[in-house]
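Side chains included, hydrogens not; waters and symmetry mates left out as well; all remaining heavy atoms used. Whatever order the structure lists ligands and atoms in, that order sets their numbers, starting from 1.
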Amino acid sequence: MRTILVVSLLAGALAACDDGASGESPMIEFEPEPVVDQSVDAAIEDSAVIDAGPMVDAMPPPLPPLPEIIGPSAAVDSNPADGVVEFTLRASQVTLPLADDLQVRGYGYDDQFPGPLFQARVGDEVVVHFTNDLDEPTTVHWHGLRIPAEMDGSPRVQDPVRPGETFEYRFTVPDAGTFWYHPHVRSNEQVEKGLYGMFVVHEAEPPVFDAERAFVLDDILLNGDQIPAFLQTHPEQMHGRSGNVLLTNGKVEPAPGAAQKGHVERWRLVNVANARTMDVSLEGARFRVIGTDGGLLAEPYETERLQLAVGQRYDLEVHYDSAGTARLISHVRVIEDGAVVLRPFTLQTVEVAAGEGLPVPVALPEADPPARGRPIRTVNFEFDTVASPISGQRWRINGLDMPEEPIFEFQKGDYVRMNLINEANQEHPFHLHGQFFEILPAGTPETEQPGLKDTVLVPGNSRVSIFARLDNPGRWMAHCHILEHAELGMMVEIEVLDTE
Ligand code: C2O
Ligand code: CU
């Protein structure tokens, strides 16, 4: 059996090292037609007059192109209008080309793996024409996007899309940041088989870096070239499915990236594994954390190691201070001689060329610190597990195993403290749909995580408190993002009532 290996970027997406992000690529000059008067009043008047000649289109100049992101190939926006991006997305069975000598039957979006990288600008309307060509029902959940509940892909709100059917997702993206999408029906199987992709919402004025890279991090469990049957073993029911092959952007060993000494890049990371918390570091380059689930941080910070619970994202600002090979490393727990040790695996290499390039300071836009307030209410989410001789292991929140009705009701705008209480050994990455929260620091690396989040790791035998501002009305799922736990019961809903 193949051991765990590492990844890098899709070779085809890699261009010369100095191609950089195209944030400054030549603006298309807007040439006004020979015009009479572009004022609104004049346009209205003109339109009222017959024989006024062709109407003058008082369109604003086109927006500069979005930064180019090196990583999974990007979806093509079929709508030429500014302010609207329109994509198609089709789920079907595909062959996952994990390596030259390793092809695995799985699922893909748009015949690719990972699914296409979606990009929009904050405030854009997004239209996705989704088709389900699988032979089972599915939905698309837009993880982290604070969109209307009907568009969120929750099978409690949206009837799953049946085989051969279509659904139009349409929403406005209110926040800039790094997000992702995946199914919310039998998610432990559908995500593991390959249904996931990154969704980048760019800032209104994106900071300009020498390059931007996307890293979709996964692990997959293989038996030869087969994905084994699901939930068959006790360890999988207890801890979720951990893979034996690490994948970066769908590849076991992705092609190395290319960069230049002195350059500064933006890296976007998402952990889409079923269960594995990724523990990452960077060798041969230095980074600071500039963004998290909810977008850019008010105060970026430096760290050596970064824990990415499943579902979480981080944006890094990567500096190449010297030529050589930079490596993104995942520190993986493996059993060697009966003992658990941490072994480093390379996820991605970047060859850094010598160069004159002086570090260009990147000006990050001012991010607003999260709005704090006094929590008006405190609720507890208590996690536990029970073994049943009939159904195997079940996972529960507040003693409930996938209840039909929301377990808490709030009013829109409520500021709520949620105590996440875990009295067992297994960790749980807790995810709340449709809202952001802040993690109340508790002195552990898992909880020293500033910024807005939608997912937080609750380690074994611990309590973590979060503060959520519930601004987005609707019925929202709250669940463990270890997908086996979620599908084995650890999935509830809350309801945010719109009182206006
Ligand atoms: Cu990323 Cu309810 O999930
Ligand atoms: Cu869990």
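Residues H479 and H485 keep their aromatic ring centres 6.0 Å or farther apart. For Y415 and F410, the ring centers sit 6.0 Å or farther from each other. You'll find the ring centres of F179 and F118 outside the 6.0 Å limit.
Annotation: angle subtended at atom 2 (Cu) of ligand 1 by H479 NE2 and H433 NE2 is 110°, to 10°. For H143 atom ND1 and H481 atom NE2, the angle they make at atom 1 (Cu) of ligand 1 is roughly 100°, to 10 degrees.
Atom ND1 is the N, O or S atom of H428 at the shortest distance from the Cu ion (ligand 2). Of all the N, O or S atoms in H485, the one closest to the Cu ion (ligand 2) is ND1.
Checking H141 against atom 2 (Cu) of ligand 1, every N/O/S atom stays at or beyond the 2.8 Å cut-off. Coordination check, H182 versus atom 1 (Cu) of ligand 1: passed, since an N/O/S atom of the residue sits under 2.8 Å.
Using a 3.5 Å distance cut-off with no hydrogens or angles, the side chains of E265 and W267 do pair a donor with an acceptor.
Considering all non-hydrogen atoms of both residues, L364 and R288 come closest at CD1-NH2, 3.8 Å.
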